[in-house]
Amino acid sequence: SSTPVLPPTTPIQIGDTVSGYFSSCRKITYSFEAKSNGLVSIIGGGVQINGITPVFSLFDPDGRFVASSISEYMNNALRNTIRYIKLLADGKYCIVVESSNGNNSAFNLDLIKVKVNKMEVDQVVSGTLNDQYNTSAYEFSGEADDRICIQWESVSLNPSVELYCDPKY
């Protein structure tokens, strides 16, 4: 298969928030340097014109597609997100932002380094969700055919839990 040719990029860093505007193009590309085994999320949206939220796609240092954004309701707004992506190689990653309605659309995106807390099976964890996106990530190890049960209690939230498998396995 052939490697896609990506348009010229604007460099950003993990931790940056950027805003963009589609005036005469349908794609804007950003790049960032990262080390392997880092975990990132891309949170986009927040600005909509004509009800359109742009789509974000992530490509690895070899230009291969990694993930595309999904729409989810977060912090009282519809946002397109790519969440909890483990970076498998050192190098320059690209984020392509595409407008689905052509010109005159605005967007913003946050490129977030996800802090991962280590835990053991059967360990009880307590804490507060206090980052800007009300998330917390935990990592534990298991073996094939293990069965797990995740339980939570909340005083003021209706939390959700997402379980991901390390893409190396």
By side-chain hydrogen bond (donor to acceptor under 3.5 Å, both in side chains) - contacts of S57 (at least two apart): none
Which atom of P11 lies closest to which atom of T9, heavy atoms considered: CD-O, 3.8 Å
Euclidean distance, I95 CD1 relative to I12 CD1, rounded to 0.5 Å: 4.5 Å
Nearest non-hydrogen partners of F56 and I82, listed with the distance: O-CD1, 3.6 Å
Euclidean distance, S69 OG relative to E98 CD, rounded to 0.5 Å: 9.0 Å
Distance-minimising heavy-atom pair for S36 and D90: N-OD1, 2.6 Å
Heavy-atom check, side chain of V121 versus side chain of I148, under 4.5 Å: no
Side-chain donor/acceptor of T81 to backbone N/O of I43, under 3.5 Å: no
Those residues that, when tested against T10, pass side chain to side chain contact (heavy atoms under 4.5 Å, CB included) (two or more places apart): Y30
Side chains of K86 and N37 in contact at under 4.5 Å (non-hydrogen atoms): yes
Atom pair CG (L87) and CD (E33), whose distance is rounded to the nearest 0.5 Å: 11.5 Å
With sequence neighbours excluded, residues passing side-chain hydrogen bond (donor to acceptor under 3.5 Å, both in side chains) with D16: none
Side chain to side chain contact (heavy atoms under 4.5 Å, CB included) evaluation trace for L58 with F32: CA-CA 11 Å; L58 179 65; F32 65 95; 3.9 Å; yes
Interatomic spacing from CG in L109 to OG1 in T17 - rounded to 0.5 Å: 8.0 Å
Criterion side chain to side chain contact (heavy atoms under 4.5 Å, CB included) on V55 and S68, from CA distance to verdict: CA-CA 7 Å; V55 174; S68 188; 3.7 Å; yes
Side chain to side chain contact (heavy atoms under 4.5 Å, CB included) partners for Q123, two or more places apart: M119, E120, V125
Any side-chain heavy-atom pair of Y93 and D60 under 4.5 Å: yes
Test salt bridge (Lys or Arg N to Asp or Glu O under 4.0 Å) applied to K118 - qualifying residues, sequence neighbours left out: E139
